[in-house]
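Since we're looking at a predicted model, the values are computed, not measured.
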Amino acid sequence: MSWNYTTSTERVQAHLDSMGEIQIEKLVRDADLHALLSETRCRDIYGAHVYVDVPNFADLATMTTVGEDYRRIIQALHLYEREVGRIVEGENIFDGVRIHFQGAKLHALFYRPIDNAEEIAARAVLLQMVLRHFVCCVFNPEFPKLPDFSIAGGADLGFAVGTKNGRRGDRELLFLGAPANYAAKIFAGTDTIRITGRIWDALPEKLQDYFLAVEEDRFDTPIYKLGYVSVEKMDDLLKDYGIVWNQAASLQRLQDDKATYPLNQVEYSDAEVLIDIDCLGIKNSKRVLAASAFGDVSGFTAYIDNAVANDGAPAALRVLHAIRKEMAAIVQDDFGGLRVQFQGDRVQALFHLPQGNDERIAARAVEAAIALQSSMELVIKKLLPESRDLGIAVGVSIGTTLVSKLGTRGHRDRICIGDAVEEAAAIQEGSAGGEIAIPSNIHEYLDEDLQKLFAWNSARGLFLATNLTQEKVERARKARLFAQTVYVASGAQGARVSSQPTAGSRSIVPSRSYGG
């Protein structure tokens, strides 16, 4: 399995030729976004993007726990996602849009009532309050044998372009723009809920008072942290906005789900063949040694924001659609991996075969990362010159990973969760465009030629390669071959070169300029 320049070029060109004209209009009325949006039918949507995560789940999914204890972790994650999905999308509760879960991390959108900044911002904030209370006071007591869970959250408000793409039967909603990006990036540890100044400015004073300003200079907006909110105050605020969340009803649904999905029906196993994630579920999950890789289009948020401001959004989306489809093809077709999901302009991939072969699994993930860089630098930028300022940042890690598809029927999400998944994501987030970053336990599994193309970065505690393409890898390997000693012998018929010494021959080490 490998990446090929010609194949990649033909794939991307064929996609561009068949894509059609991209149209972007402002969303002016309520709609089913899953049905409305497509690769070419896009909308500029004013809304609040919310991310809420339960970090504990990643640690639990990686533990050496087996049997009933591990089944309980899967059951808890499944039930958590089911109830949170109902809270977000229930018309009589929050009436939001559950975009998807990224492991245990929820991405939700509030855009109703259309263009009503206060109502939209309030619903985003109140959801965070409710989910914090739900986890602490409803969910944790129902799972006393597991460590107490807590949440982290982030939210931002503004315009983002909504679209949808992917392969047939595997299409996902996608939102591009600062709100979707900032909401995910302002996280700050367990049990911390934060919002941007854009959300805070839209809130009425009675909600603003529950937030404290945070000293944070990484963003172009102030950051605020949610403080303590009593149950009584939260209930009053929900009533003010007509949000009917009832703790007792939520508990009853959770208990009903526990009866529907008892521990003795929760199953997991290793995988001897390539996992088909869409065939998985709570009764058939996989626990595998796997390498996780995240590839992010560096600089795309600024790129799309600038494009929107200058009437160039359709062209920018054309670039993104081409990149995303090629990313999926590289992971799945070229390297036999799993394209878990897209997260905005980032792809999440998993490599788990050959079974138990740490060295080959790690190497395959790195080879796929090099292919992502190769396609971006050698193909995408050639066919789409307007993408010249973009780059791919890739992070890779390896470890025990839970793989499943969980949640409510019709809205189940592909789930890959574990410490290696979180580490790969964090490594990628700290990387710049053009970089592939790997930890030591990945680097040691690479062959000598590849190892030499990565440099140790002591500040980050990682090995880094910059602008590493397949072309450079091949040059390095050929240079090594040419650097081997050869033997030259002269005779009546001229000089003869051999890899073995002969009578009268002399040894020569060729110049290494080929790999320079």
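- When all heavy atoms of Ser387 and Val319 are compared, the pair lying nearest together is CB-CG1, 3.8 Å.
- Here Arg86 pairs with Glu83 in a salt bridge; the nearest charged N to carboxylate O distance falls below 4.0 Å.
- Side-chain contact between Glu326 and Val379 is absent, with no heavy atoms from C-beta onward closer than 4.5 Å.
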Evaluate the criterion side chain to side chain donor-acceptor pair (under 3.5 Å) for residue pair Glu118 and Tyr241; output intermediate values, then yes/no. CA-CA 10 Å; Glu118 178 184 324; Tyr241 285 92; 3.1 Å; yes
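- Geometrically, Lys105 engages Phe187 in a cation-pi contact, judged by NZ or CZ lying under 6.0 Å from the ring centre and within 45° of the ring axis.
- Using a cut-off of 4.0 Å between Lys/Arg side-chain N and Asp/Glu carboxylate O, Arg194 and Glu216 are scored as salt-bridged.
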Contacts table for residues 126-137: side-chain donor-acceptor under 3.5 angstrom, sequence neighbours left out:
from   : atom 1 : to     : atom 2 : distance (Å)
Arg132 : NH2    : Gly227 : O      : 2.8
His133 : NE2    : Gln247 : OE1    : 2.6

Could you walk me through whether Glu435 and Arg460 pass the salt bridge (charged side-chain N to carboxylate O under 4.0 Å, His left out) test, one step at a time? CA-CA 13 Å; Glu435 289 185 342; Arg460 294 182 60 191; 3.5 Å; yes
Start with the C-alpha distance between Val297 and Ile392, add both sets of side-chain angles, then the distance that settles side-chain contact (heavy atoms from CB on, under 4.5 Å), and finish with yes or no. CA-CA 5 Å; Val297 185; Ile392 299 288; 4.1 Å; yes
Can you list the steps and then say if Phe342 with Leu174 is a side-chain contact (heavy atoms from CB on, under 4.5 Å)? CA-CA 8 Å; Phe342 285 115; Leu174 164 67; 5.9 Å; no
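- Closest approach of Ile195 and Leu203 over heavy atoms only: CD1-CD1, 4.1 Å.
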Pair Asp276, Lys405 - check salt bridge (charged side-chain N to carboxylate O under 4.0 Å, His left out), show working. CA-CA 10 Å; Asp276 182 349; Lys405 194 170 184 181; over 6 Å; no
Before you tell me yes or no, could you show the steps for Arg324 and Asp345 under salt bridge (charged side-chain N to carboxylate O under 4.0 Å, His left out), namely the whole-Å CA-CA distance, both residues' side-chain angles and the distance that decides it to 0.1 Å? CA-CA 7 Å; Arg324 278 169 51 111; Asp345 53 17; over 6 Å; no
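- Between Arg11 and Asp333 the shortest heavy-atom distance is NH1-CB, 4.5 Å.
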Please test Arg414 against Gln348 for side-chain contact (heavy atoms from CB on, under 4.5 Å), starting from the C-alpha separation and ending with a verdict. CA-CA 11 Å; Arg414 296 176 168 194; Gln348 178 186 358; over 6 Å; no
Decide yes or no on side-chain contact (heavy atoms from CB on, under 4.5 Å) for Asp30 and Tyr111, but give the supporting numbers first. CA-CA 9 Å; Asp30 192 6; Tyr111 71 93; 2.9 Å; yes
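- Judged by distance alone, with hydrogens and angles left aside, the side-chain atoms of Arg43 form no donor-acceptor pair with the main-chain N or O of Leu37 at under 3.5 Å.
- Nearest approach of Gly336 to Leu274, heavy atoms of both residues: O-CD1, 3.3 Å.
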Please evaluate residues Glu81 and Arg98 with respect to the criterion salt bridge (charged side-chain N to carboxylate O under 4.0 Å, His left out), reporting the C-alpha separation (whole Å), side-chain torsions for both, the decisive distance (0.1 Å), and the verdict. CA-CA 10 Å; Glu81 294 192 1; Arg98 182 194 61 74; over 6 Å; no
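- Partners of Phe175 by ring pair (Phe, Tyr, Trp, His ring centres under 6.0 Å), not counting sequence neighbours, listed by chain and number: His49.
- Ring centroids of Phe351 and Phe335 are separated by 6.0 Å or more, keeping the two rings apart.
- Between Leu320 and Tyr303, the closest side-chain pair of non-hydrogen atoms is not below 4.5 Å.
- In terms of heavy-atom proximity, Ala271 sits nearest to Lys286 at CB-CD, 4.2 Å.
- The environment of Lys225 atom NZ is sparse: at most 12 non-hydrogen atoms of other residues, nucleotides or ligands sit within 6.0 angstrom.
- Counting heavy-atom neighbours within 6.0 Å of Lys26 NZ, excluding the residue itself, gives a total above 12.
- The side-chain hydrogen bond (donor to acceptor under 3.5 Å, both in side chains) test with Tyr182 singles out one residue from Thr196, Asp156, Asp220, and that residue is Asp220.
- Smallest separation of non-hydrogen atoms from Leu77 and Ala104: CD1-CB, 4.0 Å.
- Side-chain atoms of Lys164 do not come within 3.5 Å of backbone N or O of Leu36 as any donor-acceptor pair.
- A donor-acceptor contact shorter than 3.5 Å links the side chain of Gln341 to the backbone of Phe101.
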